[in-house]
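Quick notes on the structure that follows.
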Amino acid sequence: MVSFIVVDDSELDRFVTQNFLKRSDESLIINTFHDARDVLELIRENSKQPDPNPAIILLDLQMPFMNGFEFVEEFEKFPAEIKEKYTIIILTILSPDNNPGDIFRIYNFGAVKSIIEKPLTKEKLLTLLSHIKPAN
Amino acid sequence: MDDEQDNLVGFKASLRFDYQVLTAVTIPQAISCLDNHPEIRVIFCDQRMPVKTGVDFFEEIRISYPLPVRILLTAYTDVEAIIDSINKGNVFRYVKKPWVEAELVSAIEEANKFYLANSMLSVKNAELQEAYKELNKFAYSVSHDIRGPLSGILGAINLAREMDEVEEMKEMMFLMEKSVKKLDAYVLSMHDYYSLQRGELKITKIDFNELIHELKEIYSVNAKINHVAFKIDVNQTETFRNDIAPLRLIFNNLLSNAFKYQDKKSKNKSVEVTIDVQKGVATIYVKDTGIGILGSHVGEIFNLFYRSNSTEVGSGLGLYNVKNALLKLNGQIEVNSVLHQGTTFKVTIPSIG
């Protein structure tokens, strides 16, 4: 069973994302985090188990302490057999200040499958889920 | 600078009442003079000297002493020399020998204006660079701190369309309200930021008892709701003069932080304020029993848009504004913090005027 990991420093955004996911499928397992470093820790812990469950990480970019870019860079250091368990979806506000080069760079990492612009809507989420699910 | 001592004596004699005049007979002397007196604004140099011409001397010092304005003294009116002096020696003016005092004075005044304009320009340039840097930070912050909460609220509105249960709706409303309050606080601190950048001080007599009474009314509610003991001690017997607006800003930021960063699970929560006015200096302590600041973050908490905490995210403007307000009031701030035990800010502010 695939689970979801929502990483966002905003409490409201976590609530909204989690709630939208629940509405699409009541049985989804969803874990939320406000600090990306805790997610790295979780991945490290899970990798010790024999066959960890795959997960989809919904990742905000602008966060204090560890932002989304730094998270992806750290994530890329994991061995391939761990990385293949995870799919990263960027969920962020896009603005003219975002360096297009940065977005392009993060999109080039293997684990990053898609970018969704906030605010989240039901349509955006359903489109995303229909794209991801067959792959798992 | 002139190789003929007599000329130097004459020069100094006619100008010494209005200007500080230093003289040199040789080039090494002139250079050591420039080294020892970085305040030199105008250099007069004779063109015809035995080792080097005046133009060559100016060319030699062009890179190492770019600021002083150069004036060539010469009786010699060769066109080549004039062209050289401008192109190679970067000469500002010519004064013909023998000089007339009025001409010297007018040359000095013009040169001084040029010098001031030039040095003003480099100061303004540095200020502009600094302002641009802050502007960049603001552009980032506007997208994160204003558009962030807005997109969260929009997302919540989208979600509300799908919701039927009132309880769930209420839970979300509570979070939306928090986001709106955060936005509002952010806009207010932006306002503080700008009013500190501009505006002059309005000095009045400050009664700390009155100021603290005002703050007590604001923060007592918070203290009661969150079970935080709020203790205040003011000791002021002498007159203290200052601007109330930046003082209020300092107290408001330190107090709201002291309440905001309490450890929610702790049983003995307190915020203590003591103010002591002695010999024209107000010493203020704001002490809390909160979560404390990580040692490695202490050095950075006063920086623009720095946030030390990820759960109770602030605007990153509060303490930066405090620091700027203190800069304006010629005050000092020190912080002492122990993780999980609490933080104490010590502020000293002199009475003004």
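In the text below, chain A, chain B and the rest are named by the order of the sequence lines, each starting its count at 1. Only heavy atoms go into these numbers, but all of them, side chains included; no hydrogens, no water, no symmetry mates.
Remark: B:K182 NZ to A:E11 CD distance equals 8.0 Å, nearest 0.5 Å. Within the model, atoms CZ of A:F15 and CD of B:E168 stand 5.5 Å from one another, a figure rounded to the nearest 0.5 Å. Atoms CG and OG1, from B:L154 and A:T121 in turn, are 11.0 Å apart once rounded to the nearest 0.5 Å.
Around the OH atom of B:Y285, the shell of radius 6.0 Å holds no more than 12 heavy atoms that belong to other residues, nucleotides or ligands. Within 6.0 Å of the NZ atom in A:K122, the count of heavy atoms belonging to other residues, nucleotides or ligands does not exceed 12. Within a 6.0 Å radius of CG in B:N268, no more than 12 heavy atoms belonging to other residues, nucleotides or ligands are found. Other residues, nucleotides and ligands contribute at most 12 non-hydrogen atoms within 6.0 Å of the NZ atom of B:K287. Atom CE of B:M169 is surrounded by more than 12 heavy atoms from other residues, nucleotides or ligands within 6.0 Å. Residue B:E127 qualifies as enclosed at atom CD: its count of foreign heavy atoms under 6.0 Å is above 12.
Heavy atoms of B:I153 lying under 4.5 Å from chain A belong to its backbone as well as its side chain. Only the side chain of A:D13 comes within less than 4.5 Å of a heavy atom of chain B; its backbone N, CA, C and O stay farther away.
Smallest separation of non-hydrogen atoms from B:S151 and A:P119: O-CB, 3.2 Å.
Considering only heavy atoms from C-beta on, A:L12 comes within 4.5 Å of B:M172 through its side chain. No side-chain heavy atom of B:E162 sits less than 4.5 Å from a side-chain heavy atom of A:N19. At a threshold of 4.5 Å between non-hydrogen side-chain atoms, the residues A:L120 and B:N158 do not count as touching. Considering only heavy atoms from C-beta on, A:R23 comes within 4.5 Å of B:M163 through its side chain.
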